[in-house]
Number of protein chains: 2
Amino acid sequence: MLQIAYTCYTMDNTGAWNLEDKRQVGKMGGDRARKKEQTRRVLIDAAFQQLSAERSFASLSLREVTREAGIAPTSFYRHFQNMEALGLTLVDESGLTLRQLMRQARQRIESGGSAIRTSVETFMEFVSENENVFRLLLRERSGTSRDFRAAVAREIAFFSLELADYIDSVTQRGQEFSRVQADAMVILVFNAGAEALDMSKAQRKTLVEKTIRQLRMLDAGGAIYMKRSLNRGISGFANYRP
Amino acid sequence: MLQIAYTCYTMDNTGAWNLEDKRQVGKMGGDRARKKEQTRRVLIDAAFQQLSAERSFASLSLREVTREAGIAPTSFYRHFQNMEALGLTLVDESGLTLRQLMRQARQRIESGGSAIRTSVETFMEFVSENENVFRLLLRERSGTSRDFRAAVAREIAFFSLELADYIDSVTQRGQEFSRVQADAMVILVFNAGAEALDMSKAQRKTLVEKTIRQLRMLDAGGAIYMKRSLNRGISGFANYRP
DNA sequence: GGTTTAAGCGAACAGCTGTACTCTAATCTA
DNA sequence: TAGATTAGAGTACAGCTGTTCGCTTAAACC
């Protein structure tokens with residue numbers, strides 16, 4: 001940890017530099033700090049800007065980002081330790097967007113929509129309106145950085161946990177069971193989002209219906225499975241013996 | 001299409017160069033052709049070799065691959081048009097490995113195992129034994145090349161179609177319905193494989209059990225859903241109204 | 001008002017990249 | 001066997017990369 005005069009530089013878990021005034025000055029946010037925060041934003045936005053179907057974060061170079069941001073390459077280091085640090089910040093912000101979306105979906109459900117349909121449709125709207133944000137999460141989930149993978153996994157876990165709570169509050173089948181079911185649903189919805197990216201609007205509509213059917217199966221199956229009636233004749237192929 | 005004297009160069013859908021003797025010589029595989037095929041293999045193997053948790057195909061350079069293969073960088077072009085062409089070949093080979101695995105699983109099931117458990121366990125074995133092959137499919141599924149994405153999607157579709165056929169042959173619920181169900185199952189299994197990559201052996205075991213539970217839910221739910229008994233009291237939260 | 005602090009810039013560097021071109025040596029064909 | 005064909009190597013080049021260092025300039029502090 002660097003310590004110079006009055007100020008102390010630390011790094012948060014995204015590897016971004018944070019200025020912490022040791023004397024806990026109440027006002028904070030002087031001209032300098034404000035401007036720094038501003039160009040930091042410019043860098044983040046520039047990175048998001050360059051993401052696309054053909055461009056992954058891993059394929060972005062530091063120089064490209066600074067070029068887009070209108071900043072000298074060397075100035076990058078005043079804001080992030082390296083590209084990985086910037087990437088983790090992007091993932092964090094994407095996760096935030098995702099959670100806001102969840103809240104929005106919950107509101108829609110509470111004001112009287114079908115839980116499954118509303119969730120799927122809201123999610124697909126998110127994907128359509130934030131393709132590159134979603135692509136980032138999707139790609140870094142299986143990317144080359146363990147930290148990235150963990151960060152995305154954490155965001156998805158948040159997502160899933162909230163759904164599990166909701167399911168459990170309605171079905172009362174127990175937290176652990178609801179987690180397993182919610183996890184499956186989240187994976188299916190995420191995957192549908194991924195597939196949607198390469199689809200036309202019409203195709204996406206079909207995909208939504210298919211995903212809804214899949215979630216309904218899980219929902220119905222959860223009820224059955226919980227009642228342990230699997231071996232009492234309402235089963236599919238699981239117990240089939242050739 | 002280049003046409004020189006007796007030979008004719010074409011490209012297959014992976015963008016690899018193919019030598020086609022126009023006179024359909026029966027013997028084929030002269031000394032030259034055999035050696036060429038050989039170094040082509042060396043290149044493919046070198047690429048697979050370099051894939052790892054920290055190294056994606058996209059991050060591989062042409063020079064790295066040729067260095068690993070012990071070949072001059074410029075000689076690469078005798079075998080592939082560019083790196084993308086090599087990548088598509090890798091995806092194709094990976095898909096082949098995957099399909100062989102499927103056949104293996106079907107055999108195990110037919111010789112008297114639980115369909116779901118056997119499938120999941122066989123798949124996880126494949127992932128454990130071919131981590132980098134699986135990683136390739138996983139990453140390129142959401143990669144920056146549309147051709148790659150399409151190629152992986154095709155492989156997964158194969159996989160899913162075979163499962164759907166199996167399900168339908170047992171449950172007789174109709175092809176279309178079985179497809180939707182099989183798709184969901186394949187996605188869940190694939191996702192479990194992805195999660196397993198960052199897990200210890202013990203954790204993987206728990207994951208297998210969780211995945212099996214999820215597939216059983218889908219199986220049971222499929223039966224229920226098909227009987228349209230959703231609104232007759234055996235439902236979960238789907239029709240819940242706050 | 002003088003001094004400290006730090007954001008941002010420009011030059012420079014070593015190292016890597018893909019690929020065009022030319023040449024060699026081995027194989028194939030007639 | 002003479003001539004055509006081609007896999008592979010070597011050289012070369014322009015273009016890009018991340019990062020170091022020293023400098024300027026403006027804000028923050030005493």
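Throughout, protein chains are lettered first and strands after them, A, B, ... in sequence-line order, and every chain is numbered starting at 1. Keep in mind the model is a prediction, meaning the values are calculated, not measured.
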(request) Please state whether the rings of A:F134 and A:F190 are parallel, tilted or perpendicular, taking 30° and 60° as the class boundaries. (result) tilted

(request) Calculate the interatomic distance between B:K36 atom NZ and D:dT5 atom C1'; express it in whole Å. (result) 12 Å

(message) Checking the side chain of A:S59 only, and the main-chain atoms of A:R55 only, is there a donor and an acceptor separated by less than 3.5 Å?
(response) no

(message) Using the salt bridge (charged side-chain N to carboxylate O under 4.0 Å, His left out) criterion, which residues pair with A:E195? Sequence neighbours excluded.
(response) none

(message) Each nucleotide in nucleotides 11-21 of chain C should get exactly one letter: B, S or -. Can you fill that in based on protein heavy atoms under 4.0 Å?
(response) BB----SBBBB

Kindly give the atom pairs (protein nitrogen or oxygen, nucleotide nitrogen or oxygen) under 3.5 Å for nucleotides 23-27 of chain D.
residue, atom, partner, partner atom, Å
D:dA27, O3', A:R32, N, 3.4
D:dA27, N3, A:R32, NH1, 3.4

(request) Evaluate the criterion salt bridge (Lys or Arg N to Asp or Glu O under 4.0 Å) for residue pair A:R179 and A:D183; output intermediate values, then yes/no. (result) CA-CA 6 Å; A:R179 272 308 301 267; A:D183 277 359; 3.7 Å; yes

(request) Could you tell me which residues satisfy salt bridge (charged side-chain N to carboxylate O under 4.0 Å, His left out) with B:D198, sequence neighbours excluded, listed by chain and number? (result) A:R146, A:R149

(request) For residues 134-143 of chain B, pull every pair meeting salt bridge (Lys or Arg N to Asp or Glu O under 4.0 Å), keeping only residues two or more places apart or in separate chains. (result) B:E131-B:R135

(message) Between P on D:dG8 and CZ on B:R40, what's the gap in Å once rounded to a whole number?
(response) 12 Å

Using distance only, find each side-chain donor-acceptor pair of residues 66-73 of chain A under 3.5 Å and give its atom names and separation, not counting sequence neighbours.
residue, atom, partner, partner atom, Å
A:T66, OG1, A:L62, O, 3.2
A:T66, OG1, A:R63, O, 2.9
A:E68, OE1, A:Q50, NE2, 3.0

(request) Provide, to the nearest angstrom, the distance between the CZ atom belonging to A:F76 and the P atom belonging to D:dC21. (result) 19 Å

(message) Counting C-beta onward and ignoring hydrogens, is there a side-chain heavy-atom pair between A:L98 and A:F123 closer than 4.5 Å?
(response) yes

(message) Measure CD/B:Q38 against C1'/C:dA26 and give the value in whole Å, please.
(response) 15 Å

